[in-house]
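What you see is a predicted model; the values in this text were computed from it and never measured. We number each residue from 1, following the sequence as shown.
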Amino acid sequence: MNNRKSFLKGAFCGALAILLIAGIVSCGLRPKGISVSGGKTVTSAAERKLSILNELIDETYLGDVDEKKLEEGLYEGYVGGLDDPYSVYYDEEETKAFMEATEGEYSGIGAVMTQSKDSGIITLTHVYEDSPAMKAGLKDEDILYKVEGKEVTGEDLTEVVSRIRGEKGTKVELTVLRGKKNEEVTVVAVRDTIETQTVQTKMLEGNIGYLAVSEFDSVTYDQYIKGLDTLEGQGMKGLVVDLRGNPGGNLNTVCDILDVMLPKGLIVYTQDKNGEKREMTSDEENKFTRPMVVLVNGNSASASEIYAGAIQDYGLGKIVGTQTYGKGVVQQIFDLKDGTCVKLTIAEYYTPKGRNINGKGITPDVEVEFELDEKNLEADNQLEKAVEELKKEL
């Protein structure tokens with residue numbers, strides 16, 4: 001019971017963005033004791049200490065020893081010593097799952113998950129239609145409590161996701177907490193091949209188009225363009241882009257999408273530790289000219305904030321909802337040439353007007369908290385406010 005209370009302690013304070021990829025770089029592994037960047041080395045004192053630990057384990061440790069896990073633990077601990085929640089070492093299994101996630105197709109259950117940076121709580125923010133997750137009975141806003149009977153609160157989100165994914169046709173047991181009373185529900189989902197459905201569209205009353213983006217993966221650009229074209233073909237007069245619960249994704253993808261929306265000019269720029277800037281720009285070929293509103297909340301992070309920040313800076317639409325997560329840093333993936341990789345924070349990003357929102361987030365033009373209507377669970381007061389604001393421009 002005490003573990004349960006500890007698990008529930010803390011408020012939801014935003015989503016831990018899974019990815020914001022600037023690129024993938026290959027690099028070779030260095031032997032022990034060889035200097036790495038900045039003159040850092042594996043010191044002789046550290047080697048002696050590791051040798052002592054190894055001898056103590058060999059001579060006294062009661063349990064079985066997995067040498068591979070001990071080695072992986074060294075790498076994980078080394079990167080973990082950076083004390084950066086976005087810099088992570090991935091072993092072979094985690095690397096495979098990580099790369100599949102960025103491609104938008106994988107074998108899993110079909111649910112988007114985010115993690116509170118303060119409490120470590122993992123939440124299912126979007127369950128795909130007809131997915132194994134939905135068929136098993138999982139729902140949006142369920143709190144992920146256990147995977148195969150083991151508590152996952154506070155564990156690295158990517159590692160948790162890698163345990164949920166697996167070979168098509170295999171099963172995974174998940175326990176979630178649901179609703180205000182935190183009802184404990186355990187389900188078994190049968191994994192299947194999932195093509196990430198990152199974009200959903202519908203036409204609202206008054207020919208107002210609604211386009212929700214759950215994450216920015218490699219497949220998202222084509223889905224976004226298709227969704228926009230579908231709404232245009234249905235006579236759309238204005239657009240609501242819903243980025244609530246969107247944890248981020250691929251930097252190139254969100255920039256390609258914004259190129260379709262923005263006039264010619266700066267989309268976003270990054271700056272690394274040496275002060276070197278990299279600018280992403282839009283051309284004159286496309287520009288969205290209809291009234292629009294962007295919906296955000298505390299779980300809108302990373303690439304979602306790049307999108308919202310650019311729309312806000314150009315004055316192309318109002319931002320409606322609550323303060324966003326505040327992830328204004330960029331990670332890059334480095335291939336370690338042995339089936340593993342490391343993700344490191346390598347730069348900060350800035351909106352077109354030079355705003356760095358790291359730790360602060362995007363402040364909405366119109367702030368409105370979500371209010372759950374227990375008599376009508378389909379009600380969405382934030383969306384209603386977005387539509388209300390949009391109609392003022394029609």
Side-chain angles (χ1 to χ4, degrees), residues 11-15 112 114 123-129 134 139-143 178-180 197-216 220 223-224 227-228 230-248 257 261 288-301 303-305 307-326 361-394:
F12 295 111
C13 296
V112 177
T114 59
T123 304
L124 279 65
T125 57
H126 180 62
V127 176
Y128 298 146
E129 288 288 334
M134 180 171 283
K139 300 180 179 180
D140 292 357
E141 303 307 318
D142 279 348
I143 296 171
R178 180 173 297 163
K180 288 186 175 181
Q197 297 302 309
T198 61
V199 176
Q200 293 182 320
T201 62
K202 61 183 176 181
M203 188 64 75
L204 305 176
E205 186 179 349
N207 281 47
I208 292 176
Y210 172 84
L211 189 153
V213 185
S214 61
E215 54 191 302
F216 291 96
T220 305
Q223 293 177 6
Y224 186 99
L228 205 59
T230 297
L231 293 172
E232 293 272 13
Q234 294 174 351
M236 173 178 62
K237 295 180 180 179
L239 176 66
V240 175
V241 177
D242 191 348
L243 300 181
R244 291 176 295 177
N246 184 320
I257 288 173
M261 308 300 289
F288 190 77
T289 57
R290 290 178 174 79
M292 71 178 297
V293 166
V294 180
L295 267 173
V296 296
N297 64 9
N299 287 334
S300 302
S304 297
E305 294 171 296
Y307 186 106
I311 295 298
Q312 190 176 55
D313 279 5
Y314 277 95
L316 297 182
K318 289 183 178 179
I319 311 301
V320 174
T322 56
Q323 195 82 7
T324 62
Y325 183 83
I362 300 288
T363 301
D365 300 300
V366 180
E367 295 197 40
V368 53
E369 294 279 350
F370 179 76
E371 297 175 0
L372 179 65
D373 185 345
E374 294 189 351
K375 294 182 180 179
N376 179 12
L377 297 179
E378 299 299 318
D380 187 340
N381 66 301
Q382 288 180 321
L383 178 57
E384 290 171 3
K385 186 63 176 179
V387 171
E388 177 186 322
E389 293 296 323
L390 194 59
K391 286 182 176 178
K392 294 177 182 178
E393 307 297 324
L394 296 178

Can you run down the salt bridge (charged side-chain N to carboxylate O under 4.0 Å, His left out) pairs that involve residues 311-324, sequence neighbours left out, and say none if there aren't any?
Asp313-Arg355, Lys318-Glu389
Would you say the side-chain atoms of Asp373 pair up with the backbone N or O of Ala379, donor to acceptor, closer than 3.5 Å?
no
Spacing of Tyr307 atom OH and Asn246 atom CG [to the nearest 0.5 Å]
11.0 Å
Any donor-acceptor N/O pair, Asp140 side chain to Val127 backbone, under 3.5 Å:
yes
Any donor-acceptor pair under 3.5 Å from Thr201 side chain to Gly227 backbone:
no
Non-neighbouring partners of Tyr128 that pass ring pair (Phe, Tyr, Trp, His ring centres under 6.0 Å), sequence neighbours left out
His126
Please round to the nearest 0.5 Å and tell me the distance separating atom CD of Gln223 and atom CD of Gln200.
10.0 Å
Closer than 3.5 angstrom, by distance alone: can the side chain of Asn297 be matched with the main-chain N or O of Gly245 as a donor-acceptor pair?
yes
Tell me, do Gln323 and Thr363 make a side-chain contact under 4.5 Å, heavy atoms counted?
yes
Between Gln382 (side chain only) and Val368 (backbone N and O only), is there a donor and an acceptor less than 3.5 Å apart?
yes
Within a strict 4.5 Å, meaning less than it, do heavy atoms of the Glu393 and Val293 side chains meet?
no
Got a second to check how far Ile311's CD1 is from Asp365's CG, nearest 0.5 Å?
11.5 Å
Closest non-hydrogen atom pair, Tyr325 against Ala301:
CB-CB, 3.6 Å
Tell me whether Thr114 contacts the main-chain N or O of Pro247 through its side chain, where contact means a donor paired with an acceptor under 3.5 Å.
no
Grab the two heavy atoms, one from Met292 and one from Val241, that are nearest each other, plus how far apart they are.
CE-CG2, 3.8 Å
Surrounding NZ of Lys392 (heavy atoms of other residues, nucleotides or ligands, distance under 6.0 Å), is the total greater than 12?
yes
At their closest point, which heavy atom of Val296 faces which heavy atom of Ala308, and how far apart are they?
CG1-CB, 4.1 Å
For residues Leu204 and Val387, report the shortest heavy-atom separation together with the two atoms involved.
CD1-CG2, 3.8 Å
Between atom CD of Gln197 and atom OG1 of Thr220, what is the distance when rounded to the nearest 0.5 Å?
10.0 Å
Contact summary for Glu369 and Asn381, nearest pair of heavy atoms
O-ND2, 2.8 Å
For the atom pair CE (Met261) and CG (Leu239), what is the distance rounded to the nearest 0.5 Å?
5.5 Å
Closest approach of Ala386 and Leu295, non-hydrogen atoms and distance?
CB-CG, 4.0 Å
To the nearest 0.5 Å, atom CG of Leu231 lies from atom OH of Tyr210 at 11.5 Å
May I have all residue pairs that pass side-chain hydrogen bond (donor to acceptor under 3.5 Å, both in side chains) and include part of residues 231-241, sequence neighbours excluded?
Glu232-Arg290
Side-chain heavy atoms of Ile208 within contact of Leu394, under 4.5 Å:
yes
Which of Asp242, Thr125, Thr198 passes side-chain contact (heavy atoms from CB on, under 4.5 Å) with Ser214? Answer is Thr198
Determine whether Val213 and Tyr224 make a side-chain contact, defined as any pair of heavy atoms from C-beta on separated by less than 4.5 Å.
yes
Go through Lys139 and Leu124 one step at a time and tell me if the side chain to side chain contact (heavy atoms under 4.5 Å, CB included) criterion holds.
CA-CA 7 Å; Lys139 300 180 179 180; Leu124 279 65; over 6 Å; no
